[in-house]
Amino acid sequence: MSATTFDLTAADARHVWHPYTQHGLGDEPVPVRRAFGAYLYDANDRPILDAISSWWVTLHGHAQPEVAAAIAEQARTLEQVIFAGFTHEPASRLAAALVERVPAGLARVFYSDDGSTAVEVAVKMALQYWRNLGERRRLVVALENAYHGDTFGAMSVSARGLFTDPFSEKLFDVVRLPDPVDEDVVAAFDRVLADRGVDVAAIIVEPLVLGAGGMRMWSAERLRALRERAAAAGVLFIADEVMTGFGRTGPLFACEHARIAPDLMCVSKGITGGFLPFGATFATDAIFGAFLDRDRTKTLFHGHSYCANPIACAAALASLALLDDSSARRRAGIEASHRAAARQFAAMDGITNVRVLGTIIAMDLVAPERGYLSGVGRALASYALERGVLLRPLGDTVYIMPPFCTTADDLALAYGVITDFVKAQ
Ligand SMILES: *Cc1c(COP(=O)(O)O)cnc(C)c1O
């Protein structure tokens with residue numbers, strides 16, 4: 001076994017820089033050797049229930065055989081090819097299959113690498129759309145408590161705060177609307193449109209759930225009203241479904257709750273079933289049309305080395321087939337479990353603001369410190385890990401967002417860990 005000849009922990013500690021990790025706290029990462037279904041297995045083959053889908057990506061389950069097989073087959077056939085001037089069957093099949101399933105009118109797909117790049121592409125498309133049309137619209141409207149990724153454009157449209165502070169003066173200005181959970185975001189958007197509507201290029205939102213901003217769930221009515229106001233003002237509407245896409249909130253896309261179709265839509269995370277990094281930005285034919293010209297300066301000058309990687313496309317096609325199969329029933333089962341658990345959590349001291357949307361349950365812990373740096377989240381994460389459950393609270397907000405194969409018994413384990421932790425406080 002390699003463990004005898006290779007010290008994973010020592011090499012990691014010496015050479016690896018982990019994401020969202022303060023190495024100075026001295027926390028040791030958990031070595032994971034394999035995973036299957038809803039479980040990770042550590043170096044001693046101890047099972048750990050992955051209650052957060054490994055950062056919201058694992059869709060059906062870990063190591064899902066159908067997706068794994070599609071990846072292996074594609075890797076032996078065509079593993080990668082430049083996507084400018086060339087194309088391949090997995091990319092075009094996937095485009096057609098996705099367009100059939102996304103909200104109406106999103107007829108074009110631009111492939112990229114992850115959620116942040118999918119957002120960068122949407123914002124660039126929106127800004128260049130107006131430039132190509134010869135109009136001056138340059139402002140982007142975004143929501144308070146939004147999270148759209150960690151690259152500079154994505155940070156610019158995300159809420160300013162802890163994550164963005166070191167770079168604040170390098171980010172472009174946006175028009176910020178108030179948090180859509182607590183405040184009348186529609187009236188605020190109306191005021192922006194009345195004052196500077198002709199300068200607004202686009203509005204970007206996370207439909208119905210502000211994810212990294214604290215799993216804050218907002219109403220379909222407000223989402224629908226924002227979309228209608230944007231349409232009336234000629235402002236492009238960008239839906240960032242990077243987290244909510246592919247069934248997390250119940251229907252395939254959160255926009256469906258509000259019966260809206262955006263002009264641009266970003267997806268990533270679950271798109272390959274959680275196997276490979278991949279992103280996609282959807283655009284309407286009207287947006288695509290504004291780039292269509294003999295004039296080469298109207299080109300979308302954007303691309304990534306791995307655009308439309310055939311292996312990722314094959315994984316996404318296999319994942320879509322699973323979504324068409326029994327997935328809706330599984331998602332409904334998870335939601336029913338969550339709703340029953342929510343009634344019990346809501347009755348507990350120490351827990352407030354319990355909320356459920358589709359396969360996501362979230363709640364706030366009553367803690368002396370609020371926000372992302374609240375110590376209660378770290379304490380719960382280590383308490384849960386000792387008991388074989390992976391949770392990663394967003395500060396004082398704890399949530400469960402499981403792979404769709406997760407059973408009622410698995411969920412009971414996760415609910416129980418949260419309950420026991422709160423009771424022990
Ligand atoms: C995670 C996330 C992103 C960024 O995706 P990455 O793949 O981490 O770059 C963007 N938008 C939303 C809504 C997200 O949840």
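Ligands are counted one by one from 1 in listed order, and the atoms in each one are counted from 1 as well. FYI, side chains are in, hydrogens and waters are out, and symmetry mates aren't considered; it's all heavy atoms of this structure.
In this structure, R108 satisfies the cation-pi test against F288, with its NZ or CZ atom closer than 6.0 Å to the six-membered ring centre and inside 45 degrees of the ring normal.
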Which donor-acceptor pairs under 3.5 Å do the side chains of residues 367-377 make with protein atoms, sequence neighbours left out?
unit_1, atom_1, unit_2, atom_2, d
E369, OE1, G375, N, 3.1
R370, NE, D396, OD2, 2.4
R370, NH2, D396, OD2, 3.2
S374, OG, E369, O, 2.9
S374, OG, V376, N, 3.4

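Residues satisfying the side-chain hydrogen bond (donor to acceptor under 3.5 Å, both in side chains) criterion with R176, sequence neighbours excluded, are absent altogether. In this structure H257 satisfies the side-chain hydrogen bond (donor to acceptor under 3.5 Å, both in side chains) test together with T249, sequence neighbours excluded.
Between H62 and H60, the distance from one ring center to the other does not fall under 6.0 angstrom.
Residues V205 and W218 approach most closely at CB-CZ2, 4.2 Å, considering heavy atoms.
Around ligand 1 you find W56, D114, G115, S116, Y147, H148, G149, E206, D240, V242, M243, K269, each with a heavy-atom distance below 4.0 Å.
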